[in-house]
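Both counts, for ligands and for their atoms, begin at 1 and track the order of listing.
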Amino acid sequence: MSKITVSKLWKMKEKGEKITMTTAYDYPTALLVEKAGLEMILVGDSVGMVVLGYDNPVPVTVDDIIHHTKAVVRGAKKPFIVADMPFMSYHISPEETKRNAARIIQEGGADAVKLEGGKEVAPMVKAIADVGIPVQAHIGLMPQRASVGGSFKVQGKDAETAKAILEDAMALEEAGAFSVVIEFVTTEAGKLITEGLKMPTIGIGAGPHCDGQVVLSHDLLGYYETQPPFVKLYADLNETITDAFKAFKTDVRASKYPDMAHSVAMDKKEAEKTIKNISVLLEE
Ligand code: KIV
């Protein structure tokens with residue numbers, strides 16, 4: 001697979017080929033996502049919850065995103081790497097938005113940035129796109145907003161709200177977004193939005209009709225005990241890792257680890273000499 005670009009992602013939509021995306025926040029995960037051949041990696045501000053232990057993405061900073069993006073970029077050369085713009089890093093002015101987006105690209109090495117919001121953030125999308133930085137939009141359920149007085153409920157449950165989300169998406173496309181993440185909307189809304197846009201839609205809990213799908217790696221791998229209702233488990237790392245830690249503890253307690261196969265022995269003669277030297281030392 002050669003490096004994925006915006007034009008390759010658009011071609012995939014034209015040909016009806018589904019795009020796959022997951023999150024990575026570190027080097028080893030990035031290596032594995034590349035090895036598996038997924039087209040896109042998201043360095044999401046979900047890093048705040050799944051890696052840093054915050055309750056929500058609000059405390060995540062531009063510096064945090066840059067730090068994790070650098071590690072991901074070192075591990076994955078071919079996937080198209082999108083990094084999230086954190087809470088309040090794209091709200092104050094188009095100038096500050098451009099400065100923060102530029103840092104994520106220049107210092108972090110991401111291929112694109114992503115930001116949440118509807119038509120009200122279109123001027124920020126335009127500011128970034130106009131300087132040549134690819135921007136992915138994020139509509140439907142918006143975790144940053146949901147964390148500050150919003151709600152984590154499914155969006156687009158009726159004709160009116162589905163239309164409003166499509167209008168937002170169209171305004172973002174018009175402003176220059178190259179793609180949009182649609183989070184936790186009804187299947188019908190996901191289909192309507194996908195059909196109404198030229199840019200690829202990447203769904204998360206938005207039904208099967210989106211041009212691609214993104215699921216957090218920690219969710220699809222079962223790293224946690226619980227996952228959102230739309231997540232299908234492809235592994236159970238929670239159990240695998242807990243079992244491995246328990247087995248390690250059991251072996252150490254029973255003096256089964258390290259055994260000779262996992263230890264380094266001295267040359268026989270040197271060992272005998274060492275024992276002799278110690279006996280002399282102890283007698284003195
Ligand atoms: O931060 C993140 O991981 C995201 C996904 C929910 C798409 O934005």
Side-chain angles (χ1 to χ4, degrees), residues 9 19-26 29-30 33 38-62 64-69 71-72 76 79-90 100-101 104 108 110-118 121 125 134-148 150-155 165 168-169 172 177-185 190 193-194 199-207 210-221 223-224 226-232:
L9 296 170
I19 299 165
T20 51
M21 183 184 205
T22 190
T23 53
Y25 317 99
D26 58 34
T29 311
V33 177
L38 276 65
E39 290 82 21
M40 298 179 82
I41 292 181
L42 173 63
V43 186
D45 59 1
S46 49
V47 68
M49 290 86 79
V50 302
V51 175
L52 303 175
Y54 298 131
D55 289 338
N56 58 58
V58 171
V60 174
T61 64
V62 172
D64 289 333
I65 291 290
I66 290 172
H67 175 75
H68 288 277
T69 303
V72 169
F80 189 80
I81 299 172
V82 180
D84 255 336
M85 295 199 70
F87 179 68
M88 289 310 290
S89 68
Y90 54 93
N100 285 326
I104 292 170
D111 298 310
V113 294
K114 173 167 86 58
L115 53 82
E116 289 179 10
V121 298
V125 167
V135 197
Q136 187 170 46
H138 184 152
I139 54 171
L141 192 153
M142 294 177 266
Q144 292 174 8
R145 289 181 187 207
S147 304
V148 282
S151 88
F152 283 88
K153 289 188 198 131
V154 67
Q155 311 285 308
I165 303 173
D168 275 339
L172 296 161
F178 77 93
S179 167
V180 61
V181 166
I182 312 173
E183 180 163 357
F184 208 22
V185 303
I193 299 162
T194 301
M199 63 179 168
T201 59
I202 310 292
I204 171 163
C210 297
D211 300 306
Q213 297 291 331
V214 56
V215 175
L216 267 64
S217 53
H218 282 63
D219 284 341
L220 73 88
L221 297 174
Y223 208 164
Y224 282 152
T226 58
Q227 289 79 32
F230 51 79
V231 169
K232 178 176 168 186

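The aromatic rings of Phe178 and Phe80 lie perpendicular to each other, with more than 60° between the two planes, well past the 30° mark. Ring-plane geometry between His68 and Tyr25 is classed as perpendicular, the angle between the planes exceeding 60 degrees on a 0 to 90 degree scale with a lower cut at 30.
Considering only heavy atoms from C-beta on, Phe87 stays 4.5 Å or farther from Pro59 through its side chain. Between Val82 and Met40, some side-chain heavy-atom pair lies under the 4.5 Å cut-off.
Within ligand 1, the atoms closer than 4.0 Å to a non-hydrogen atom of Gly44 are 1 (O), 2 (C), 3 (O), numbered from 1 in the order shown. Under a 4.0 Å criterion applied to the non-hydrogen atoms of Asp84, ligand 1 contributes the atoms 1 (O), 2 (C), 8 (O). Ligand 1 places these atoms under 4.0 Å from at least one heavy atom of His138: 8 (O). Atoms of ligand 1 lying under 4.0 Å from any heavy atom of Thr23, numbered from 1 in the order shown and given with element: 3 (O). Residue-ligand proximity, Lys114 to ligand 1, at heavy-atom distances under 4.0 Å covers atoms 4 (C), 8 (O).
The backbone and the side chain of Asp45 each have at least one atom closer than 4.0 Å to an atom of ligand 1 (non-hydrogen atoms only). Residue contacts with ligand 1 for Val47 are absent, since no atom lies close enough (heavy atoms, distance under 4.0 Å).
Asn100 places a side-chain N or O within donor-acceptor distance of the main-chain N or O of Ser89, the cut-off being under 3.5 Å. Side-chain atoms of Thr22 come within 3.5 Å of backbone N or O of Ser217 as a donor-acceptor pair.
Counting only heavy atoms of the protein, atom 2 (C) of ligand 1 lies nearest to Ser46 OG, 3.3 Å. Counting only heavy atoms of the protein, atom 6 (C) of ligand 1 lies nearest to Glu183 OE1, 3.4 Å.
Few gaps surround CZ on Phe230; more than 12 heavy atoms of other groups in view lie less than 6.0 Å from it.
The nearest non-hydrogen atom to atom 5 (C) of ligand 1, considering only Leu42, Leu141, Val60, comes from Leu42.
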